[in-house]
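Heads up: the structure comes next, in structure tokens.
Just so we're clear, the structure is a prediction, and the values are computed from it rather than from any experiment. Start at 1 and go down the list; that is how both ligands and their atoms are numbered.
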Amino acid sequence: MYNFHDDNDLDIIAHFGDDYEKHNDAVIPPIYMTSLHVTPKEAVGGPPREYFYGRGDNPTVELFEKKIAALERAEHALAFGSGMAAISSCLLANLSAGDHVVAVDTAYGPTRMFISQHLGKFGIENTFIPGDDIAQFEAACRPNTKVFYLESPSSMVFLLQDLRAVAALAAKRGVVTMIDNSWATPLYQKPITLGVDISIHTVSKYIGGHSDIIAGVASMNGEEMWSRVRDVRSQFGGILGPMEGWLATRGLRSMPLRIREHGRSALEIARRLETHPNIARVRHPGLDSDPGHGLAVRQMAGFTSPFSIELRCGTEGAREFVKRLKCFNLGPSWGGFESMVTMPYPIMPDAPQSNLIRLHIGLEDTETLYADLTASLNEINK
Ligand SMILES: Cc1ncc(COP(=O)(O)O)c(C=O)c1O
């Protein structure tokens with residue numbers, strides 16, 4: 001048996017929880033493709049057993065949860081059928097009618113819609129702030145504030161929040177903090193160690209990594225918080241399926257190598273694009289020029305992709321730029337092996353501006369991607 005270290009991320013990913021002896025020494029634990037675990041008759045009326053009904057727990061999903069919790073340095077993790085299921089369940093578990101949530105206004109669009117539309121429908125108030133200054137959190141707080149919702153870096157304009165400072169303020173006021181940690185992955189940012197209560201990922205991005213699953217996961221400390229979120233998962237029926245749980249673990253096993261390459265290639269391209277005459281600004285927290293760079297270096301251990309560029313042209317020029325790209329698929333996702341381009345303006349009515357383009361740098365050749373981008377950029381305003 002491999003002698004792994006349970007505080008080393010690479011060891012955790014490769015070996016933690018892979019109980020060889022339990023599974024006939026299989027190096028890959030099997031998929032428990034079952035909806036049900038039956039109870040031996042002699043145990044009737046006794047205490048609940050570890051596995052019972054698949055809407056509550058599944059051993060394949062649990063292996064994935066164990067690895068994520070270990071990576072986040074959290075006591076527990078719960079996996080969901082999507083990132084949005086994880087986000088909405090954590091919010092629902094911590095808010096009631098009459099409460100107030102403070103959320104960053106650059107968070108993922110459907111998250112903001114869930115907070116303003118659905119939670120609003122049940123009498124939960126909200127305030128959206130940029131979140132790049134701790135004073136904004138202080139100012140937004142009300143006596144009924146129960147949750148600070150963060151996304152750092154945010155996934156369209158890549159703004160950061162000071163996680164230590166927000167968590168300290170929240171602790172003082174008895175507010176629960178949660179963060180969408182998807183961009184950084186559990187390898188490059190460990191919010192729980194900085195005092196944040198719940199760290200959430202869309203597993204559909206880097207953790208899955210192959211653009212073939214929709215999944216989510218939330219990590220947290222404490223039996224009480226775990227059981228509150230788990231109850232919502234069980235009652236809304238949002239648990240991750242066993243096949244997706246198995247694929248999520250498989251994706252996770254190669255994530256360290258993938259994000260290293262995504263990050264290297266993205267930063268290289270971002271640096272070069274900064275000097276292109278048809279680009280007004282490149283937003284990537286890994287760039288020295290980025291206003292969030294100092295904080296990024298303090299609270300993250302590495303950088304991934306995507307990043308965004310502001311073109312020196314209007315909406316029509318930006319559309320033409322996207323149309324001319326040959327190596328970037330157009331679509332809303334990121335974190336997969338393939339390069340993607342997103343133009344948020346037409347799909348999100350409150351998108352920051354019409355000439356903002358998000359690029360996800362995939363695992364294709366850096367020079368090929370850069371040449372494609374510059375060929376298209378050079379045509380702007382001709
Ligand atoms: C930053 C971010 N958070 C959450 C989500 C939602 O994840 P899912 O699509 O797995 O529900 C997404 C999806 O694009 C995202 O980009």
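Ligand 1 has at least one atom lying under 4.0 Å from a heavy atom of A215. Residue W334 places a heavy atom less than 4.0 Å from ligand 1.
For E151, no nitrogen or oxygen atom sits less than 3.5 Å from a nitrogen or oxygen atom of ligand 1, counting backbone and side chain alike. At least one N or O atom of S204, backbone or side chain, sits closer than 3.5 Å to an N or O atom of ligand 1. Polar contact with ligand 1: present for G83 (N/O pair, distance under 3.5 Å). Between M84 and ligand 1, an N or O atom pair is found at a separation short of 3.5 Å.
Checking H37, R230, R49 one by one against D57, the side chain to side chain donor-acceptor pair (under 3.5 Å) holds for a single residue, R230.
At the shortest separation from atom 15 (C) of ligand 1 among protein heavy atoms lies Y108 CD1, 3.6 Å. Among all protein heavy atoms, the one lying closest to atom 1 (C) of ligand 1 is S155 OG, 3.3 Å. With hydrogens left out, the protein atom closest to atom 2 (C) of ligand 1 is D180 OD2, 3.5 Å, a heavy atom.
V175 approaches F148 most closely through the heavy-atom pair CG1-N, 3.5 Å. Annotation for M255 and Y206: closest pair CG-O, 3.7 Å, computed over non-hydrogen atoms. Nearest heavy-atom pair across L163 and Q299 is N-OE1, 3.0 Å.
Heavy-atom contacts of S82 reach the following atoms of ligand 1: 10 (O), 11 (O) (cutoff under 4.0 Å).
Aromatic ring centroids of W183 and H284 lie under 6.0 Å apart.
Rounding to the nearest 0.5 Å gives a distance of 12.5 Å between CH2 of W334 and CE of M340.
Looking at E338 and S211, their side chains do bring a donor and an acceptor atom within 3.5 Å of each other.
One option in K205, M156, H201 has a heavy atom closer to atom 9 (O) of ligand 1 than any other, and that option is K205.
Under a cut-off of 6.0 angstrom, the local environment of CZ in F236 is sparse, with at most 12 non-hydrogen atoms contributed by other residues, nucleotides or ligands.
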